[in-house]
There are 2 protein chains.
Amino acid sequence: MRDVAVIGFGMTQFGELWNKSIKDIFVEAALNAIENAGVDHIDSMYVGAMSSGLFVGQEHLAAVMADYLGMAPVPATRVESACASGGMSFRQAYLDVASGNSDIVLAGGVEKMNDGADVTAALATAADQEYEVYNGITFPGLYAMIANAHMNEYKTTREQLAAVAVKNHQNGFNNPNAQFRSKITVDTVLNSTLVADPLHLLDCSPVTDGGAAVILCPLDMAKKLTDTPVKIISSSQASDTISLYERESFTTLRSVTKAAEKAYKQANLQPADIDLAEVHDCFTISEIVVSEDLGFFDKGCGGSAVEEGKTAIEGGEIPINTSGGLKSKGHPVGATGIAQVIEIYEQLTGQAGKRQVKDAHIGLAQNMGGSGASCTINILEAL
Amino acid sequence: MRDVAVIGFGMTQFGELWNKSIKDIFVEAALNAIENAGVDHIDSMYVGAMSSGLFVGQEHLAAVMADYLGMAPVPATRVESACASGGMSFRQAYLDVASGNSDIVLAGGVEKMNDGADVTAALATAADQEYEVYNGITFPGLYAMIANAHMNEYKTTREQLAAVAVKNHQNGFNNPNAQFRSKITVDTVLNSTLVADPLHLLDCSPVTDGGAAVILCPLDMAKKLTDTPVKIISSSQASDTISLYERESFTTLRSVTKAAEKAYKQANLQPADIDLAEVHDCFTISEIVVSEDLGFFDKGCGGSAVEEGKTAIEGGEIPINTSGGLKSKGHPVGATGIAQVIEIYEQLTGQAGKRQVKDAHIGLAQNMGGSGASCTINILEAL
């Protein structure tokens, strides 16, 4: 397999983009990425999107986007894995370049969620329709069960859950593309509307429109095109049971542990070697569980870690979600996995402004779908 | 890139499978493929499906299928490109193996269309929502415009369109998995209900439930696992404008000509070297246009070619849609591209029974989405 690098990125503002269609959003992000990478063509493209069918009534999405981007007849492929669609788009683009099949590949993701669709019902199609959704549960309820189990087993507190939201809003305050640039306190979170006990409104990521794209190419080519190539030193993916009830444990996510095991092995690294990480904080509890499953903290210690500032940009051992995460930056589900990679890229190339992590050389992006039935992990290194 | 081979296949009966869920259908096809290939595990899997969200309310489909197949935690990725979803699933699996990332990969496709959804509206999401569908057109109308243009430019006749359906029903009569195993005549087609002038009901492929899967592995490994490995000698993909109105011509499909150019180049072959082909006959006119765009016949001669028997199994120059095609075998949209590869595999390994083409060594499968905004071409060779 060829070594592969990221050489450029583009994204839109994340938020409620009522005046932009899904086409507008994707094309803006993709054109920004192409311009940022300084390339004059692409050989193929991937589009991650969870449910453009249910959200905006448009399937065949990659062909639509290749057309509107002016890139037809390039091969254009949509990949879907619920909220991990962006991460999978990135990984398929990586394989396309690594195989030698394509040189310059655009990996993008998009979701237009604010367009009149029943968003909660559409998102629920990421769970098992037959055994979960038809019985009435949606994602806040599923993650509430995970949170309750974690609180029960490890004495994780509501204040610790809230600390995730507080930190991520603090980080997102300094991200111009973030949906919510407002600092909040633990009290704000605890006093926000209860959604599914113990999760309150501010424990939940929002409904977001947005697009994101990066350009990949062989590392050899990247060294000629840019002074700051960022190498993809591992790319892994794993699955798990679609339903929570089938799992041995609610407090660990097997797709994350399995993907992490492969990712660290491929990169020949330990968790302690990672300088910063973007993880999938669709709910505050998920950041805590994932930070443990990635090996950054012992199982059960993720809650105290965030409370003690171990995941903060300033003075943290391992800054997590410096972008603001899904919580503050927003969560246009198909775009999220790409936006995570963009934050790592910006950090590793020293472009993160007030969010900049000092001496950031190696970063990890973890993206997952549903209640963790799919997960991708990509580790990047500045050269 | 490593050489890649197909070593096994499985599919379900195609038809109205009211007593089977989308999970049942995919798992049956996938287990058949795994058993047929004689492997005891898979390293990753791909699932092609157009719109499981709109048809059955289930996204996150690859994770669902990995779970129900008992294969979690393997990486599982859904790809979507409307009716070309199966072909794209095959191509991503090919790249996964060719890259060296995975050894044994399952490429599957599935669609459950008979489940209460508004099928015509769901299929229409493969066209441009903004400029085509909102103005009232659906696919029979789009292909009717292509047919009218072809009839106008090349004197193609309604009888020639009907001859495609007659041939494909003749072939499907001998395919135990086909939805419609009934022989028809040109008169039957011409006298069937008018759908969109000049296309009658029997010019259209049906609404179908079905699943299909194949197993890919490196060619070196394939030679140890089976006496009849089939090598993938090229795999290509192209896109085109999503809307018909944007195109210079209605009578040629640029995604097909571009993908064909690449496919023949990679395989170092000419159209005349192909012994048989499965092409995307979603409507009778599309088989005629595609048979020209693949270079089997001069532009404008596809209609007379089928009428003169040049695409028949018995005595044809280039037998097309020996499986019965989408027209008779059925068109579960996400499964179609895989089912095409299966027919080629069965033919090249001498397993096609009464449909067997004599001396079949090289076969081509062409799958496309929408009105041709995406196309994959895979060429296989018996070793």
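Chain naming here is simple, since letters A, B, ... match the order of the sequence lines and numbering starts at 1 in each. Small disclaimer: the values here were computed from a predicted structure and weren't measured.
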Main-chain N/O of [Y] paired to [X] side chain as donor or acceptor, under 3.5 Å:
| X | Y | answer |
| --- | --- | --- |
| A:Ser21 | A:Asp24 | yes |
| A:Asn367 | A:Cys83 | yes |
| A:Asp96 | A:Ala93 | no |
| B:Asn378 | B:Ser235 | no |
| B:Gln58 | A:Ala127 | yes |

Subject >> Any residue of residues 110-118 of chain A which, by heavy atoms, sits under 4.5 Å from chain B >> reply: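 Heavy-atom contacts from residues 110-118 of chain A to chain B are absent.
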Original post:
Is chain A contacted by the side chain of B:Met88, its backbone, both, or neither, given a heavy-atom distance below 4.5 Å?
Top reply: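 B:Met88 touches chain A through side-chain heavy atoms alone.
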**OP:** Name the region of B:Val56, side chain, backbone, both or neither, that has any atom closer than 4.5 Å to a heavy atom of chain A.
**Re:**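 Backbone only.
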Are [X] and [Y] close enough that some pair of their side-chain heavy atoms sits under 4.5 Å apart?
| X | Y | value |
| --- | --- | --- |
| B:Asn101 | A:Arg91 | yes |
| A:Val290 | A:Leu294 | yes |
| B:Glu132 | B:Phe139 | no |

Less than 4.5 Å to any heavy atom of chain B: does that hold for the side chain of [X], its backbone, both, or neither?
| X | value |
| --- | --- |
| A:Gln266 | neither |
| A:Tyr131 | side chain |
| A:Tyr94 | neither |

Report, one line per pair, each donor and acceptor closer than 3.5 Å where one atom sits in a side chain of residues 62-80 of chain A; sequence neighbours left out.
from, atom 1, to, atom 2, distance (Å)
A:Asp67, OD2, B:Ile242, N, 2.9
A:Tyr68, OH, A:Lys23, NZ, 3.2
A:Tyr68, OH, B:Asp128, OD2, 2.8
A:Thr77, OG1, B:Gln237, NE2, 3.0
A:Arg78, NE, A:Ala49, O, 3.2
A:Arg78, NH1, A:Glu59, OE1, 2.7
A:Arg78, NH1, B:Glu80, OE1, 3.0
A:Arg78, NH2, A:Ala49, O, 3.0
A:Arg78, NH2, A:Met50, O, 2.9
A:Glu80, OE1, B:His60, N, 3.3
A:Glu80, OE1, B:Arg78, NH1, 3.0
A:Glu80, OE2, A:Ala82, N, 2.8
A:Glu80, OE2, B:His60, N, 2.6

Subject >> Options B:Thr376, B:Val133, B:Thr241, ranked by heavy-atom pairs under 4.5 Å with chain A, top entry >> reply: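 Most pairs with chain A among the choices: B:Thr241.
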**OP:** Using a cut-off of under 4.5 Å on heavy-atom pairs, state which of B:Gly57, B:Ala238, B:Ala98 scores highest against chain A.
**Re:**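 Option with the top pair count is B:Gly57.
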Subject >> Pair B:Asp209 + B:Lys20: basic N to acidic O under 4.0 Å >> reply: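 Salt bridge flag = no for B:Lys20 with B:Asp209.
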Original post:
Is there a donor-acceptor contact under 3.5 Å linking the side chains of A:Ser286 and A:His280?
Top reply: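 Side-chain D/A pair, A:Ser286 to A:His280: absent.
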**OP:** Could you check A:Met45 against A:Ser89 for side chain to side chain contact (heavy atoms under 4.5 Å, CB included), going step by step and ending with a plain yes or no?
**Re:** CA-CA 9 Å; A:Met45 57 184 276; A:Ser89 165; over 6 Å; no
Original post:
Top residue by heavy-atom pair count (under 4.5 Å) with chain B, among A:Gly369, A:Cys375, A:Ala121?
Top reply: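 Looking at each of A:Gly369, A:Cys375, A:Ala121 in turn, A:Gly369 comes out on top.
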Subject >> Toward chain A: residues of residues 252-265 of chain B with heavy atoms under 4.5 Å >> reply: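 Within residues 252-265 of chain B, near chain A: B:Arg254, B:Lys258, B:Lys262.
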Subject >> Residues which pass ring-ring contact (aromatic ring centres under 6.0 Å, His included) with A:Tyr143, listed by chain and number, not counting sequence neighbours >> reply: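 ring-ring contact (aromatic ring centres under 6.0 Å, His included) list for A:Tyr143, sorted by chain: A:Phe283.
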